[in-house]
Engineer: 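Supplied in structure tokens, the structure appears directly below.
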Protein chains: 2
Amino acid sequence: MSESQSEEFKAIRSPNLVDQVADHLTEAIIVGRFTPGERLSEVGLARSLGVSRAPIREAARLLESRGLLVSQPRRGFFVRALDAGELEDIFDLRLCLERHAMEHLAHACSAETLLALHRQVEVLCRAAASGSENRRIEEDLAFHRMMIAAVGNRRLLKGFDDLAHELRLCITLITKTHEDPDTIADCHHLLLDALASGEPARCREAIDYHIGVARDYVVSGVGESRQKSLAY
Amino acid sequence: MSESQSEEFKAIRSPNLVDQVADHLTEAIIVGRFTPGERLSEVGLARSLGVSRAPIREAARLLESRGLLVSQPRRGFFVRALDAGELEDIFDLRLCLERHAMEHLAHACSAETLLALHRQVEVLCRAAASGSENRRIEEDLAFHRMMIAAVGNRRLLKGFDDLAHELRLCITLITKTHEDPDTIADCHHLLLDALASGEPARCREAIDYHIGVARDYVVSGVGESRQKSLAY
DNA sequence: CGATTGCCGACTGTCGACAGTTTGTCCGGG
DNA sequence: CCCGGACAAACTGTCGACAGTCGGCAATCG
């Protein structure tokens, strides 16, 4: 109760231009309004958003730390362009973090956590059925975030959140068709069953498979879209 | 090689006030010139460093992303104060990253890498013998960084670098005596022998033990210094 | 005497402007 | 036709200043 109150207050006290600009830029990048590698003009952004350059610069620094932008001294900020190698790296790190989480949860997963995860899978399936690619991605990430959050390690969660931004960046690269809700459900129930069993080896196998599928999904998607666009 | 060159260039062509301020602040925090939780005045820092507030703010954002500072809206920046829980979290994440690296290297560790790591252990021992606590810490971190770099995953390395800043922050909390160079050497040779053996299970055991020791070293040190200062 | 309210100083958030650098272009020469 | 250098436009890095806000202190009221 007092928490909801404080959150409400926090919502009020957010006239932070930096955060607003950061959110705006983040969405613009995620939905692909900028092309990868594109240079961002500080003055241009400042003019188009109706603010000064200072908030732009600070927001850009923030996004740089999240891996959405890269900066070159005296040249400005560019939207991060991922090559195949970086893509592999990102999914390898994701595997690293989620393996750790799974291993921890294998022998310390409360019934409530499992229930919450089951519910999230349902939400995810509904999102997939709705046809909105964006919502499906977000709910999928939310599931994995929930799993990692259950470990109780804030630093680990922060590491995942940072990585999640780059995962979203991966998604922008691909032009993908609809994914079957049933397949998604099965794919995630495999994880939950492994967790429920409490067997570390099975958990590891499950998460390895799950993330392997996700990686293949993205790299194949990137291949297709690259073939399609014929660029570079 | 090309890496050291690019770093050298970066060092040369760095009239970047932001980076300089960031380095200055980082060192000031690491050596404990600021007390944990202390509020940093932007104007004060700007005056004392002879620069404007804009570079200060951007550098502070950078350090915030590295976990050295925390910001409260409308209140400014504070040096991060770690509690026991966060300390556990940090070492748990370190374990997560280094386990992953060890596992990868267990069946893909070149002879050159092993040689380079052996040399780094020697450097580390010399640093320990020199009596400079700071140099010992840095060379120790350099060893682990080198190990993770050998995996070839840049994103993983970045994750470690971010974490390394927080590890340094942990170190500032403890007031510790000299550590025996021989012990340090043994401790690290255990890792190298495990790597050389190529047995994943042994590698995992070695890194678990190694980081467990490091964590105990820090938490016990924190306990002592806290007892000593009687604060809070 | 304790709690509340209004005020004051200090600080952060934001802005517009200036200086130095980079980039693209145009011109002349080979 | 291609190449190199100089010029100009645009941009980034940095600065000083103004406005809104926060925390603390004192005066006031119950």
Side-chain angles (χ1 to χ4, degrees), chain A residues 5-26 28-29 34-65 68-81, chain B residues 6 8-26 28-29 33-65 68-81 232:
Chain A
Q5 194 180 38
S6 79
E7 278 183 15
E8 204 167 335
F9 280 150
K10 187 181 291 181
I12 292 176
R13 46 179 303 151
S14 197
N16 260 31
L17 278 194
V18 175
D19 293 341
Q20 292 180 33
V21 170
D23 290 345
H24 186 93
L25 284 183
T26 299
I29 293 174
F34 300 118
T35 62
E38 180 175 349
R39 179 176 185 171
L40 297 188
S41 163
E42 294 178 8
V43 284
L45 287 175
R47 237 191 300 259
S48 78
L49 295 181
V51 299
S52 162
R53 279 176 51 216
I56 300 283
R57 286 176 63 89
E58 294 191 22
R61 291 256 174 211
L62 194 65
L63 267 62
E64 182 188 11
S65 77
L68 293 181
L69 296 180
V70 292
S71 75
Q72 292 183 26
R74 305 271 176 192
R75 300 224 345 153
F77 293 90
F78 302 76
V79 319
R80 175 120 173 254
Chain B
S6 80
E8 203 168 336
F9 279 152
K10 188 180 290 181
I12 292 177
R13 46 179 308 142
S14 199
N16 260 31
L17 279 194
V18 175
D19 292 341
Q20 293 181 32
V21 170
D23 290 345
H24 186 93
L25 283 183
T26 298
I29 294 174
R33 204 172 306 157
F34 299 119
T35 62
E38 180 176 348
R39 178 177 184 174
L40 297 188
S41 165
E42 293 178 9
V43 284
L45 287 175
R47 236 190 301 259
S48 77
L49 294 181
V51 298
S52 163
R53 277 177 51 216
I56 300 282
R57 286 177 64 90
E58 294 190 21
R61 290 259 175 208
L62 195 63
L63 267 64
E64 182 188 11
S65 78
L68 293 181
L69 297 179
V70 292
S71 76
Q72 291 182 27
R74 304 275 176 191
R75 300 230 338 141
F77 292 91
F78 302 77
V79 317
R80 173 118 174 255
Y232 311 112

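No hydrogens, no waters, no symmetry mates; every other heavy atom, side chains included, goes into these values. Just so we're on the same page: letters track the sequence lines, and every chain starts at 1.
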Engineer: Rounding to an integer number of Å, can you tell me how far A:Arg57 CZ sits from D:dT12 P?
Structural biologist: 8 Å
Engineer: Considering just the side-chain nitrogens and oxygens of B:Arg75, establish if one lies under 4.0 Å of OP1 or OP2 belonging to C:dT12.
Structural biologist: no
Engineer: Can you tell me how far P of D:dT14 sits from CG of B:Asp19, to the nearest Å?
Structural biologist: 9 Å
Engineer: If you compare all heavy atoms of B:Pro55 against all heavy atoms of B:Leu17, which two are closest, and at what distance to 0.1 Å?
Structural biologist: CB-CB, 4.1 Å
Engineer: Identify whether any heavy atom of A:Ile56 sits under 4.0 Å from a base atom; if not, whether one sits that close to sugar-phosphate; answer base, sugar-phosphate or nothing.
Structural biologist: nothing
Engineer: Of the options D:dC15, D:dC22, C:dC15, whose atoms approach the side-chain atoms of B:Ser52 most closely?
Structural biologist: D:dC15
Engineer: Pick the nucleotide of DNA chain D nearest each of B:Gly50 and B:Arg39; which residue has the one closer to the 5' end?
Structural biologist: B:Gly50
Engineer: Can you check the A:Glu58 CD to C:dT14 P distance for me, whole Å?
Structural biologist: 8 Å
Engineer: What integer distance in Å separates B:Gln72:CD from C:dA10:P?
Structural biologist: 21 Å
Engineer: Please give, in whole Å, the distance from C:dT14 P to A:Glu42 CD?
Structural biologist: 16 Å
Engineer: Considering only side-chain heavy atoms of A:Leu17, which listed nucleotide, C:dC15, D:dG13, D:dC15, is closest?
Structural biologist: C:dC15
Engineer: Among A:Leu49, A:Leu62, A:Leu63, whose side-chain contact (heavy atoms from CB on, under 4.5 Å) with A:Val21 holds?
Structural biologist: A:Leu49
Engineer: Rounded to whole angstroms, how far apart are CZ on A:Arg53 and C1' on D:dG16?
Structural biologist: 15 Å
Engineer: Between A:Arg75 (side chain) and A:Arg39 (backbone), is there a donor-acceptor pair under 3.5 Å?
Structural biologist: no
Engineer: Go through the structure and list residues passing side-chain hydrogen bond (donor to acceptor under 3.5 Å, both in side chains) with B:Arg53, not counting sequence neighbours.
Structural biologist: B:Glu42
Engineer: For the pair made of CG in B:Asn16 and P in D:dC15, what is the distance, rounded to whole Å?
Structural biologist: 12 Å
Engineer: Whole Å only: how far is the CG atom of A:Leu45 from the P atom of C:dC15?
Structural biologist: 14 Å
